[in-house]
Amino acid sequence: MQTILTGIRTNEEPTIGNYLGSYVPMINAAHQHAGEFEINMFIPDLHSFTTPINHADFYDQTLKGIKYYIAAGLDIDNPHIHVYRNSHVPAHAELCWILDCFTYFGEAARMTQFKEKSAELKENAVSVGLFNYPILMAADILLYNSKYVPLGEDQFQHLELCRDVASRFNRKFKQDIFTIPVSEAEQIKFMGLENGLRIRSLTDPSKKMSKSSKAEKSKISLSDDPKTAASKIMSATTDSVGKISFDMFNQPGISNLLQIEALINNVPLQDVISTWAGETHYGDLKQKVASSVSEFLEDFQGKVAQISDADIEKVLEKGEAYANEVANAKLYAVQKLVGLRR
Ligand code: TYM
């Protein structure tokens, strides 16, 4: 069976950008397609220290990431839904090395995320791991015959690299060993969206809301106190146009709020746009979004608190047994193709 697969790192607290851009589309897809596809929602913990992190809290943060999946509604009792960490499936790191040798330095060096993140770091903090990040991501995807990979807009370039490397490998060895995930446009269509999703920073809506941003007011983390989250929405950067409309180019701040309001209440964006069209009081819209976000956080955090670490360890044991079986079989076939095994 083919797979729908995604991963969300837990090196910092995930934001509502991750939740709306990745958890929700993935969980919707899981509920619609489990059985027709295998559903892999994993934690790419090996990707987490490509930039510096606090290692002392890291293990607990990973467990918390899985609690978030469950609190967001992932049905972990479904036999076709699998949760695991890439660190606990050694085939990921092994396939990554093999793919490294079939990826051109130039194509990896073109990745925008590497350029942006390395520009933010001091020179001696830019690791080889940060450079190699998309190739490990390709291994994560290719080990499981993944056809669909729900992702936010910022990750499409990495998906394209994965498609290029996998196609080249299949051509070189004259075998369709890797399932090629569908193109960006088809992914977007499959997720039922019109465009790739990008929730914007609250303080600078020209940028995405990023969990690694140092500007606390730019982001709403899933663990934010609901009242603090509401006040961040109330102080969100807007514009001086003076009329509410959905226009990402001229009114990115207002458009971002409309999008958050629609996604968090699971209603069509078009309905929210029509409700607010032509209104002039930005404060009223902010108030409404602030209460939607704080109600959501209150409910979500209540659910997280009910899940124990022991529950999570059990989920992982089952998920990692499955993942190792599937991934080892694919790795074995690749090792044969490249001449490492008879
Ligand atoms: P991460 O943890 O940085 O992001 C997780 C997901 O959240 C999406 N996202 C957003 N979506 C909308 N608006 C935003 N402001 C926003 N910020 C983040 C990201 O696009 C992503 O879908 N490289 C992956 C992790 C990964 C992975 C994989 C994913 C590693 N291996 C294999 C899929 C398949 C990442 O960006 O994680």
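Quick caveat: nothing in here was measured; it's all calculated off a predicted structure. Each ligand, and each atom within it, is numbered from 1 in the order the structure gives.
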Quick one about [Y] and [X] (side-chain donor to acceptor, distance below 3.5 Å, no hydrogens or angles considered), yes or no?
X    : Y    : result
N324 : Y84  : no
S245 : D247 : no
Y133 : R9   : yes
D45  : Y59  : no

Give me the nearest non-hydrogen protein atom to [atom] as residue plus atom name, then the distance to 0.1 Å.
atom                    : result
atom 10 (C) of ligand 1 : G17 O, 3.6 Å
atom 31 (N) of ligand 1 : D140 OD2, 2.7 Å
atom 26 (C) of ligand 1 : P44 CG, 3.8 Å
atom 4 (O) of ligand 1  : N18 ND2, 3.4 Å
atom 37 (O) of ligand 1 : R9 NE, 3.7 Å
atom 23 (N) of ligand 1 : Y133 OH, 2.6 Å
atom 28 (C) of ligand 1 : M137 CG, 3.4 Å

Can you name the atoms of ligand 1, numbered from 1 with element, that are less than 4.0 Å from a heavy atom of [X]?
X    : result
G21  : 11 (N), 12 (C)
S22  : 6 (C), 7 (O), 22 (O)
I141 : 32 (C), 34 (C)
K208 : 15 (N), 17 (N), 18 (C)

Heavy-atom nearest neighbour of atom 27 (C) of ligand 1 within options P25, S210, G7, G65: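 Shortest heavy-atom distance from atom 27 (C) of ligand 1: G7.
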For atom 1 (P) of ligand 1, which candidate among K211, Q259, E153 holds the nearest heavy atom?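 Heavy atom nearest to atom 1 (P) of ligand 1 belongs to K211.
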Is [X] touching ligand 1 with its side chain, its backbone, both, or neither, if touching means heavy atoms under 4.0 Å apart?
X    : result
I199 : both
L5   : side chain
H47  : side chain
V149 : side chain
L20  : neither
F42  : side chain

Using the benzene-type ring in the case of Trp, are the ring centres of Y68 and Y19 under 6.0 Å apart?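 No.
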Exceeds 12 heavy-atom contacts within 6.0 angstrom, atom [atom1] of [X]:
X    : atom1 : answer
K211 : NZ    : yes
H31  : NE2   : yes
K318 : NZ    : yes
N54  : CG    : yes

Is any NZ, NE, NH1 or NH2 atom of the basic residue among [X] and [Y] found under 4.0 Å from an Asp or Glu carboxylate oxygen of the other?
X    : Y    : result
K243 : E279 : no
E186 : K189 : no
R168 : E107 : yes
K219 : D224 : no

If you measure every N or O of [X] against every N or O of ligand 1, does any of those distances drop under 3.5 Å?
X    : answer
Q113 : no
M209 : yes
T6   : no
G152 : yes
D154 : yes

Below 4.0 Å from any atom of ligand 1, is there a heavy atom belonging to R198?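 Yes.
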Group every Ile, Leu, Val, Met, Phe, Trp and Tyr by side-chain heavy-atom contacts under 4.5 Å, then state whether L142 and L136 land in the same group.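 No.
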Please test S292 against K288 for side chain to side chain donor-acceptor pair (under 3.5 Å), starting from the C-alpha separation and ending with a verdict. CA-CA 6 Å; S292 296; K288 175 69 180 70; 3.3 Å; yes
